[in-house]
There are 2 protein chains.
Amino acid sequence: MKKEHKKYSGRPGRVTATDVAKELGISVMTVSRVLNKKPNVADDTREKVMQTAMRLGYIPNRIARSLVTRKSYTIGVIVPEITHSFFPDVIRGIEEVVYNTGYNLLFIHSAEDESREKKAIQTLEENQVDGILLSMAQTVKKYSFYRKLIENRKPLVFFDRCAKRLGASCVGINDVEMARHMTEHMIHHGYKRIAHLQGSKNVSIGRDRLLGFRKALEENNLTVNEDLIIESDFHEKGGYSAMISLLELPKKMLPRAVVAVNDPAAFGAMQAILEKGYRIPEDIAVVGFSDDVRAPFTPTPLTTVNQRPYDVGCKAAQKLLRHIDNPNERVEYLMIKTEPIIRRSCGCNGT
Amino acid sequence: MKKEHKKYSGRPGRVTATDVAKELGISVMTVSRVLNKKPNVADDTREKVMQTAMRLGYIPNRIARSLVTRKSYTIGVIVPEITHSFFPDVIRGIEEVVYNTGYNLLFIHSAEDESREKKAIQTLEENQVDGILLSMAQTVKKYSFYRKLIENRKPLVFFDRCAKRLGASCVGINDVEMARHMTEHMIHHGYKRIAHLQGSKNVSIGRDRLLGFRKALEENNLTVNEDLIIESDFHEKGGYSAMISLLELPKKMLPRAVVAVNDPAAFGAMQAILEKGYRIPEDIAVVGFSDDVRAPFTPTPLTTVNQRPYDVGCKAAQKLLRHIDNPNERVEYLMIKTEPIIRRSCGCNGT
DNA sequence: TAAAAGGATGTTAACGTTAACGTAATTTTC
DNA sequence: GAAAATTACGTTAACGTTAACATCCTTTTA
């Protein structure tokens, strides 16, 4: 009575647990028990199963497993712009946490587009992800999709760009506080006319940093000049064109300093300033936000805020895993404490 | 006779196609046909199914679907260092191609570590990905894992860091040619003592760029000085320490120019050069490879090669999809043509 | 107008795994 | 030494979907 090995026999059929069981003349269940390291299996059986599984090149099918356990061990990650150096670092942090926990990352790039983000959420749900880590696209206006997720009890943790009061945890940085701090730093330099390149109002960090900016001016008894608050986006282009329009103001209305919503916007602004023949910081000082890899390298190194992306990623992933493991995990708004990085674009003698 | 809606009733059970079918008193199969836009369904039935599916909040379960169709519509992506700005751009390209094809990306970061890469491959296989896009970790020594994948007929396409002759397609750039070109550029500047900060030999781009470097010297009848070829890695640290050890050579043995395996290594080297009080390019010229976002911003803007990461990602994804759709798709080594970006670190008057 | 073709459904089984329960043999307990 | 507990399995059904085939009814064709 010959036994036939199924391995690579004819069609490209994968080796299954059933094949391993048949090979040994035992039940699939015992094989399953061994592979999942469950108790109540004799040592020698365990040994035999491991060996034949190895010999046949058995690879467990997580899809079949997921179907019955109703757990995919997959986490969805939605990022608005992977190209912005903040996000790869966040992903590093996320990866580092999920690595060794057995979870995998299903990654989707929303390209700052609301409809793509919606589609992404739908896709993640179809894939039965156990939870979602999301940083909002800047064009998102409606939160109904988030609400639906939360109603469906799909664990959701926002990072960086958060939607609060929806019942999902958030991991961000102390945006208001740091925007206030950086603006005040400009004020302490003696600058009076301070502009703000504002991020999209749709997004928490856009609103919060604007708030911090206003706070600083008010607390220091400076009038907030609405003409100097101008909507940019989070990228070089937006910063550039916003700055260009500021520079078209009459000479004496020109800002003496610019607080940009983030570093890419600041880079765009710096380029505009230099192109128009002004000096940084002698004519116009600039501060950014997020400590982009390029920040130390700009002609005048950019004063900014270290956004600790790696830590944001870690904390967000950890919180999500806790939500997944415990449906009663408390919804929290975690704030990573960040610090200013003083270089020279603000007028200091930094590195 | 009341009908009960199952939606959100008690336990968190998802709405299934069966629920939709029961609601309408029809068979699941008809529902399945509608949802998959298959023919042979009456228009009004189709309509009714769509509506109740919507009303009940039905979300198709891709996991169950995958199990029976033996297709996951998922592509695995393994990247050695997401933090290196080349890779996020590649991912953008990949995303752009798979977006709208219905495929998803399962993302794993190997952290330049062979064992993590192996584990990643295993994980992707367990998840039944339809194909894998992979850029080798620099510490990878054995190709047996790749061979096993290829034997198992799991479509695999390498990008950037390739292993050829294994039967998997590769998408890279013209490394040898461009390294030769850049080195020759240095020679045309009149530099004689030219050093090479070499990448890991385990990896194609490390070997190929070294080859191009040697070629240029030989073709121009310059002797290759082995002391000036020094192993770095692909990151700032390696470039820095490699350069430091070069700078410890006796004064007259010092290199006049440095060809770095990539930009991060070049940045490290530049830092070392500046710290030791030398000028770039007056004392030591430097060229990099990959056009990192920081390259235009270094104190002396870095001459480098545009690696066209976005195109690499697109091509790799396209090729993989073709391998998935057609098992007889020809194995190819695709080469994206790249161009030098002349700035100032080489001695030119670039931007 | 009978036969053939096609359209709109339903039925059954399967994908590969595990949960829940069942059973026989062995060991423990008092 | 009989009841109870434990161990080492096996059996059945289910997870949610689709492929393949079957059925019934309508329309077309010669």
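All values derive from a computational prediction rather than experimental measurement.
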Nearest whole angstrom, please: distance from the [atom2] of [N] to the [atom1] of [X].
{"X": "A/Lys22", "N": "C/dG16", "atom1": "NZ", "atom2": "P", "answer": "10 Å"}
{"X": "B/Arg33", "N": "D/dA20", "atom1": "CZ", "atom2": "P", "answer": "13 Å"}
{"X": "B/Lys37", "N": "C/dA8", "atom1": "NZ", "atom2": "P", "answer": "17 Å"}
{"X": "B/Glu126", "N": "C/dT17", "atom1": "CD", "atom2": "P", "answer": "11 Å"}
{"X": "B/Met29", "N": "C/dA13", "atom1": "CE", "atom2": "P", "answer": "15 Å"}
{"X": "B/Ile63", "N": "C/dA14", "atom1": "CD1", "atom2": "P", "answer": "23 Å"}
{"X": "A/Asn40", "N": "C/dA25", "atom1": "CG", "atom2": "P", "answer": "18 Å"}
{"X": "A/Asn61", "N": "D/dC15", "atom1": "CG", "atom2": "C1'", "answer": "13 Å"}

Select base, sugar-phosphate, or nothing to describe what [X] touches, counting heavy atoms under 4.0 Å on all strands.
{"X": "B/Pro60", "value": "sugar-phosphate"}
{"X": "A/Lys71", "value": "nothing"}
{"X": "A/Thr69", "value": "sugar-phosphate"}
{"X": "B/Ile26", "value": "sugar-phosphate"}
{"X": "A/Thr16", "value": "sugar-phosphate"}

Any side-chain N or O of [X] below 4.0 angstrom from OP1/OP2 of [N]?
{"X": "A/Thr30", "N": "D/dG10", "answer": "yes"}
{"X": "A/Asn36", "N": "C/dT18", "answer": "yes"}
{"X": "A/Ser32", "N": "C/dT18", "answer": "yes"}
{"X": "B/Lys38", "N": "D/dT18", "answer": "no"}
{"X": "B/Ser66", "N": "C/dC15", "answer": "no"}
{"X": "B/Arg70", "N": "C/dC15", "answer": "no"}

_B/Arg62 (side chain) and D/dG16 (base): donor-acceptor pair under 3.5 Å_ =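 There is none.
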
How close do B/Leu166 and B/Tyr333 get, heavy atom to heavy atom, and via which atoms?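 Heavy atoms of B/Leu166 and B/Tyr333 come nearest at N-OH, 4.4 Å.
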
- Any idea which heavy atoms bring A/Tyr58 and A/Val15 closest together, and the distance?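 Here A/Tyr58 and A/Val15 meet closest at CD1-O, 3.3 Å.
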
| message | I'd like to know if A/Lys315 and A/Glu332 make a salt bridge, using a cut-off of under 4.0 Å between side-chain N and carboxylate O. | response |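 Salt bridge between A/Lys315 and A/Glu332, a charged N being under 4.0 Å from a carboxylate O: no.
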
Decide, yes or no, whether a salt bridge links A/Arg92 with A/Glu96 under the criterion of side-chain N to carboxylate O below 4.0 Å.
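Salt bridge present between A/Arg92 and A/Glu96.
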
- Query: Out of C/dG10, D/dC9, D/dT17, which has the shortest distance to the side chain of A/Ala42?
  - Reply: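 The closest nucleotide is D/dC9.
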
Practice prompt. Let me know which of A/Val129, A/Ile324, A/Ile94, A/Ile132 forms a side chain to side chain contact (heavy atoms under 4.5 Å, CB included) with A/Ile75.
Written response: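 The passing option is A/Ile324.
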
Report the residue (B/Leu67 or B/Pro39) whose heavy-atom-nearest nucleotide on DNA chain C is the more 5′ of the two.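 Final value for this comparison: B/Pro39.
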
Could you say whether B/Ile59 or A/Arg46 is positioned toward the 5' end of DNA chain D, judged by the nucleotide with the nearest heavy atom to each?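 Its nucleotide being nearer the 5' end, the pick is A/Arg46.
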
*asked:* Angle between ring planes, B/Tyr103 versus B/Tyr73, binned at 30° and 60°: parallel, tilted or perpendicular?
replied: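 Taking B/Tyr73 first and then B/Tyr103, their aromatic rings sit tilted (interplane angle of 30° to 60°).
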
